[in-house]
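All of these numbers come straight from a predicted model, not from anything done at the bench. A, B, ... follow the sequence lines: proteins, then strands. Residue 1 opens every chain.
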Amino acid sequence: MVEGHEAVERLERLTGMLRRRGVILPAFEIHGGAKGLYDFGPVGGRLRANVQNVWRDHWLSQGDVVEVSCPTVTPFAVLEASGHVAEFSDFMTVCQACNEASRADTMLEDHHPNPDALSMADLQALLDDVRPSCPSCGASEWSPIVAENLMFDTVIGAGSSGRPAFLRPETAQGMFTTYPAIYRHFRERLPFGAMQLGRGYRNEISPRQGMIRLREFNMAELEYFIDPESDVVPDLSAWSATSVQLVPADGEAFEGTIPKALADGIILHPTVAWFMARTYDLMMSLGVHATKLRFRQHARDEMAHYALDCWDVELHGSYGWVECVGIAHRGCYDLEAHERATGQRLRAWRTYPEPKIVEIDGWTIDGAKAGPAFRALAGQVKAKVETLAADTVFPASIVLDGGDEVTVESEHVKRVQRTESVAGEWFIPHVVEPAFGIDRIIWHLLDHAYEESGAGEEMYVRMRLHPDVAPVDAAVLPLFEKEGMGALASEIHRRLCATRGVLASYDGSGSIGRRYARADEIGVPCCLTVDHTSLEDGTVTWRDRDTGEQTRMSVDDAVQRLASR
RNA sequence: GCGCACAUGAUCUAGUGGUUAUGAUACGAGGUUCCCAACCUCGUUACCCGAGUUCGACUCUCGGUGUGCGCACCA
């Protein structure tokens, strides 16, 4: 996956540095480590927090989005309703000849219209019956099927009273299950969004590629609920000059603007286009390189069956193009699924522009007469009668669902004639979901920002992180730790750290050049150096990470500048 | 999950069935230095875990764990 010898070495130097400096490191290493689990260390912790804050502020700025936080432990029934129990299970079988593991349903596709939907027992029976040949060696002796569930399972409560549960594989379900509260919060008016930053869990068969495939990961999802019949179109004019790389499901990759791709029918839905555009802005404000970002549309057969359109944001880095964001139009799938499973109403009310006048003209039963006449069948008779046309002549013979035929006399029925005014209707909102893999994004921020210059012993490393996400805002460096310069620098350091939103580090060891280098390596955007002049007039030099340029300014100005960023 | 390879200070690495296990960088203390990994002195830190073979294992064998790569998997 990693291409080229030089790229592999760069990747090794980068990951080595991230470990050494406490940015990202394997978790539980003193116990031997655990696959697919990573720590954000003393430097990485704030990097992650900064990325999450930029993400949070970006979406909250829309004004119609709220943040919620739901449990990671999720009852079985929730994920059964959402389809995850079925979707996240693969039925594996192992070839007895060559030990190659294969998915049973994949091998049986030619023998059943939809083997993916079969129960484990039925699939086993079909496998025994068909005995497909192994795609690897051609033999056809298979081990019994084993269910591989990609979700971590657990139990809520102890002993026999415990309810089966999973650690959530995505945060989205929490937004769907809490939909009624969100709907109420927004005074029952679409569109609106709910978002959540949190952890998700997938018991991956084989975590690989460092931070790219994790078993526990940080994700951030936004569920934007819309009225499918609304003709309000988001204003995309702000992006009419922003060219992005687009890879449509059919056709060649090209560069173009999002509004044009929508107008040309390549992007299928205006709200999807809106979130693509907003996501592009977010990626830029995090420091992603525009040339290393592309939108790739899912092919029809790649999309979940309910999705109406889906675009991934892929970022390019040491592992090639990696899916980091998915922007999916999920239709009404999720709310409908939970509604079906619970019987709760997960809908929104749509008021018609004009109330609809409905003429009701038909029949119903006269309970006092029909009840005694039909006794146990009265309910069924009522249902049937209410479907009869207004011009039905009684007595009439009708056939009930059970096959019984009854004769309904005119005394059993009453004419119903009235005019009703219907103000609106309930409908299931559609959902557009941008879902972000925070760890993957952070990885690419680091990968894009990491810059080496020189070679061998002379190599110099600079992490050109965006100042909004840089783990440390400023380094305070006394030129020498004597004659009061150290004390003054310590004072400035404390003052900066006491300033809301600012984190500074103090470094007094080694030559000044070495300390600049240490700061550059983890991407500290500026260094404030205290020298002899500082002792005289209270100024410091502000050194810019990227240019190395120094500006002399008062301590107050420097603090002010950092605080207002 | 299968196969191949690898595992030595904080990092990168040398090396050995037998005394005190290399080197560099980094880190710490001191000195020097008026701004970009300089220099001098001193110092701290390591053979992944567990069993086995052996008088003796960091070294050999097996198992585990982790890492990389290939296959499979990836809502």
Practice problem: Quick one: label A:Gly16 by what it contacts on the DNA or RNA (base, sugar-phosphate, nothing), any heavy atom closer than 4.0 Å. | Solution: nothing
Exercise. Taking atom types as modelled, find out whether A:Asp520 and A:Tyr460 have a side-chain donor-acceptor pair closer than 3.5 angstrom.
Key: yes
Practice problem: Please state whether the base of B:C36 and the side chain of A:Arg514 form at least one donor-acceptor pair under 3.5 Å? | Solution: no
Quiz item: Among B:G28, B:C36, B:U11, which nucleotide sits nearest the side chain of A:Tyr460?
Solution: B:C36
Quiz prompt | Rounded interatomic separation in angstrom, taking CD from A:Glu12 and P from B:C12 | solution = 9 Å
Self-check item: Of residues 525-537 of chain A, the positions that come close to RNA chain B - non-hydrogen atoms, cut-off under 4.0 Å
Solution: A:Thr529, A:Asp531, A:His532
Practice problem: Would you check, one step at a time, whether the test salt bridge (charged side-chain N to carboxylate O under 4.0 Å, His left out) holds for A:Asp439 with A:Arg199? | Solution: CA-CA 10 Å; A:Asp439 309 280; A:Arg199 303 262 194 171; 5.8 Å; no
Quiz item: Is A:Val461 touching bases, backbone alone, or none of the nucleic acid, heavy atoms closer than 4.0 Å?
Solution: base
Quiz item: With a 4.0 Å cut-off on heavy atoms, is A:Arg13 in touch with a base, just the backbone sugar-phosphate, or nothing at all?
Solution: nothing
Exercise. Identify, residue by residue, the members of residues 22-31 of chain A with a heavy atom below 4.0 Å from RNA chain B, and return them in order of residue number, or none.
Key: none
Quiz item: Would you say the side chain of A:Gln550 and the base of B:C35 hold a donor-acceptor pair, judged only by whether the two atoms sit under 3.5 Å apart?
Solution: yes
Quiz item: Hey, does A:Gly210 reach any base, or is it just sugar-phosphate, or nothing, if we go heavy atoms under 4.0 Å?
Solution: sugar-phosphate
Exercise. Taking atom C1' in both B:A46 and B:A10, compute the distance separating them and give it to the nearest angstrom.
Key: 10 Å
Quiz item: A:Thr533: what forms a side chain to side chain contact (heavy atoms under 4.5 Å, CB included) with it, not counting sequence neighbours?
Solution: A:Asp531, A:Asp537, A:Thr539, A:Arg552
Exercise. Describe the nucleic acid contact of A:Arg213 in one word from base, sugar-phosphate, nothing, applying a heavy-atom distance below 4.0 Å.
Key: base
